[in-house]
Amino acid sequence: MDRLSPLVQSHFQITDPELIYPYAPVYRAVWQEQSVVLKTTRFPLERAQVLQKWLRSLPAGLSLEALAEPWCEDEQAWVLYPFIEGEAYSGLPDQIAQAGDLLGCLHQSTLDLGLPSYDWPLQDLESIQEDLQGLEALASQENLQLESQLIQESLKQAAQIRSCLMAAALPMVNASWDYKANNLVYQTHGPLLIDPDSAGYLPRILDLALTVWLFHNEHLSAPARLWTQQEWLVFLKAYSQQIDLTPIEIRLWPEALRWMFLEEAVWLLLADPAGWKEVHQGRFLRHLAKGFQDLKLYSLD
C-alpha cells in the first residue's frame, strides 16, 4: 500500500497515520486530540457528498457520519470518521440477530438520493469462459471438489437470470453494498456500520443475498465458513421484523442468490490468491466455493 499523501494528511490536519487495513487505504490517526479513521470513499466528490447525505438521513446509532467534509486529491476522495471502540463479531447468535436487525433498519431507506445505481453487469461468452477456466484451474490448484457442472450451467444462464431479475421491478434501497461482519462494531446498543463507503442504490434482495455469501469474508474472529442454516434463520428472523419482503422478492429469491454468487462470490474466489494462502481466509474461501450446491439452506421459508 502506498504511503499516505502529505497533502491529504495536511488537509485534514491529522497526525500519526497508521495503516490498519491491508486491502485498502484505511488509516487510524489523531485529529483534534481524538482517534479517527481516514479512508477513501465514493469518487468523484459529488458521490462522496451524496453518500454523507444518506448517512445523515439515517436514524442515530446505525452508521458512522463524517467528521469533516469529504475532500478529493489525485482522483481519490477521502473522508474522516471517528474511530469506534467496541466488540468484534464472533458468530454468537445474539450478534447474528442484531446484524439482521441492523440490515433491516438500513433497508428502510428507499428514497433515491443519488447514490450509484446497480448497473446489472452483463457477462458475454468470453467472460463466462474465462470464469469457467479460472474455476477449473482453481479446483486443480487447491484440490477443490467444485460442483463444476452446476456452476457451469448457471454461468451459461447468467444472462437469463439477469433479465428475469431486471424485469421484475424489484424494490430498491440505499444500502452499504458491502454488509459483512468486518464492517460492524458491536456496542452496548448493538452493531454500528463502520464502513459505508461502497454504498449504492440497488435491489433490496441483492443486498440481502450478498450477506449469505460474504458476511464472514475477511474477518478473523468470524467462523471461517458461510452461515449454517440455523444461523441464517436467526439473521432472517431479525431482518424480517424490520422488512416485509414482497411476493415478487420471495419468488425470485433463489435467482437473486444465484446471481450474487455468480457475480460476487465467483469474483472473490478468483481474485483473492493471497487469501487462499492464509489459514483462516483460505478455509472461508473453500467453504464459499462449495456453497452454491446448498442454496436450499438459505431459503426464505
Side-chain angles (χ1 to χ4, degrees), residues 42 47 50-51 53-55 57-59 62-63 99-124 127-128 151 153-180 183 193 196-215 217 226-227 232-233 235-268 291-292 294-301:
R42 282 288 187 185
R47 287 190 171 183
V50 167
L51 187 146
K53 178 182 177 182
W54 167 56
L55 296 181
S57 75
L58 296 173
L62 299 187
S63 180
D101 180 79
L102 175 57
L103 185 64
C105 290
L106 292 170
H107 279 184
Q108 291 177 13
S109 175
T110 59
L111 180 65
D112 186 355
L113 300 174
L115 289 170
S117 293
Y118 190 72
D119 61 2
W120 295 103
L122 179 61
Q123 288 196 341
D124 56 23
S127 63
I128 290 173
I151 295 176
E153 291 174 359
S154 293
L155 277 169
K156 291 179 179 179
Q157 296 169 4
Q160 179 182 342
I161 296 170
R162 173 182 179 271
S163 296
C164 179
L165 291 168
M166 282 185 68
L170 295 167
M172 303 283 286
V173 294
N174 300 295
S176 71
W177 208 338
D178 192 25
Y179 193 77
K180 54 187 181 181
N183 289 334
L193 181 67
D197 296 279
S198 297
Y201 192 61
L202 67 159
R204 181 167 58 189
I205 57 169
L206 294 193
D207 199 51
L208 180 61
L210 194 57
T211 67
V212 169
W213 303 124
L214 300 187
F215 193 75
N217 182 40
L226 303 178
W227 277 322
W232 163 245
L233 292 175
F235 184 91
L236 180 64
K237 180 180 178 180
Y239 177 83
S240 300
Q241 289 173 352
Q242 300 291 342
I243 295 294
D244 290 322
L245 296 174
T246 64
I248 191 67
E249 287 177 304
I250 294 171
R251 181 172 67 83
L252 291 179
W253 174 246
E255 300 304 293
L257 275 178
R258 293 171 71 199
W259 176 254
M260 294 313 278
F261 186 92
L262 298 175
E263 281 299 310
E264 300 290 345
V266 169
W267 179 87
L268 178 63
F292 198 65
D294 294 322
L295 296 184
K296 62 183 179 297
L297 296 181
Y298 307 111
S299 72
L300 299 178
D301 300 332

(request) Taking the side chain as every heavy atom from C-beta outward, state whether Asp197 and Arg42 have any pair of such atoms under 4.5 Å apart. (result) no
(request) Report the C-alpha distance between Leu233 and Trp227 in whole Å, list the side-chain angles of each, state the deciding distance to 0.1 Å, and finish with yes or no for side chain to side chain contact (heavy atoms under 4.5 Å, CB included). (result) CA-CA 9 Å; Leu233 292 175; Trp227 277 322; over 6 Å; no
(request) Check whether any side-chain heavy atom of Asp112 lies under 4.5 Å from a side-chain heavy atom of Met172, and answer yes or no. (result) no
(message) Can you list everything that forms a salt bridge (Lys or Arg N to Asp or Glu O under 4.0 Å) with Arg204? Sequence neighbours excluded, please.
(response) Glu249
(request) Could you name each residue pair satisfying side chain to side chain donor-acceptor pair (under 3.5 Å) that touches residues 259-268, not counting sequence neighbours? (result) Tyr118-Trp259
(request) Taking the side chain as every heavy atom from C-beta outward, state whether Trp253 and Ile205 have any atom pair closer than 4.5 Å. (result) yes
(request) Verify, without hydrogens or angle tests, whether Arg47 (side chain) and Leu115 (backbone) share a donor-acceptor contact under 3.5 angstrom. (result) no
(message) How about CG on Asp119, more than 12 heavy atoms from neighbouring residues, nucleotides or ligands closer than 6.0 Å, or not?
(response) yes
(message) Whether the side chain of Ser109 engages the backbone of Leu106 through a donor-acceptor N/O pair (distance < 3.5 Å, no angle test) should be reported.
(response) no
(request) Show the numbers, then the answer: is there a side chain to side chain contact (heavy atoms under 4.5 Å, CB included) between Ser57 and Leu113? (result) CA-CA 10 Å; Ser57 75; Leu113 300 174; 4.2 Å; yes
(request) Considering non-hydrogen atoms only, spot the tightest contact between Ser299 and Leu236 and give its length. (result) O-CD2, 3.8 Å
(request) Compare every heavy atom of Ser154 with every heavy atom of Ile161, then report the nearest pair and how far apart it is. (result) CD1-O, 4.2 Å
(message) If I compare all heavy atoms of Trp177 with all of Gly200, which pair ends up nearest, and what's the gap?
(response) CE3-CA, 3.4 Å
(request) Please check if any side-chain donor atom of Gln242 sits under 3.5 Å from a side-chain acceptor atom of Asp101, or the reverse. (result) yes
(request) Check whether any side-chain heavy atom of Leu208 lies under 4.5 Å from a side-chain heavy atom of Phe235, and answer yes or no. (result) yes
(request) State which residues pass salt bridge (Lys or Arg N to Asp or Glu O under 4.0 Å) with Asp207; sequence neighbours excluded, sorted by chain then number. (result) none
(request) Could you grab the distance from atom CG of Leu245 to atom NE2 of His107, nearest 0.5 Å is fine? (result) 9.5 Å
(request) Please round to the nearest 0.5 Å and tell me the distance separating atom CG of Asn174 and atom CG of Leu51. (result) 9.5 Å
(request) For Leu193 and Leu102, work out which heavy atoms get closest and say how close. (result) N-CD2, 4.2 Å
(request) Calculate, to the nearest 0.5 Å, the distance between atoms CG and CG belonging to Leu297 and Leu226 respectively. (result) 9.5 Å
(message) Do Pro171 and Thr246 have side chains that approach each other closer than 4.5 Å (heavy atoms only, starting at C-beta)?
(response) yes
(request) Answer whether the closest heavy-atom distance between the side chains of Trp232 and Leu300 falls below 4.5 Å. (result) yes
(message) If I take atom OG from residue Ser163 and atom CD from residue Gln157, how far apart are they, to the nearest 0.5 angstrom?
(response) 12.0 Å
(message) Check whether Asn183 reaches the backbone of Pro196 with its side chain - one donor and one acceptor, N or O, closer than 3.5 Å.
(response) no
(request) Kindly give the heavy-atom pair with the smallest separation between Tyr179 and Leu103, and that separation in Å. (result) OH-N, 3.4 Å
(message) Please report the interatomic distance CG(Leu170) to CD(Glu255), rounded to the nearest 0.5 Å.
(response) 11.0 Å
(message) How close do Asp178 and Ser198 get, counting heavy atoms only, and between which atoms?
(response) CB-CB, 4.0 Å
(request) Hey, can you tell me if Trp213 and Tyr298 have their rings parallel, tilted or perpendicular (30° and 60° cut-offs)? (result) perpendicular
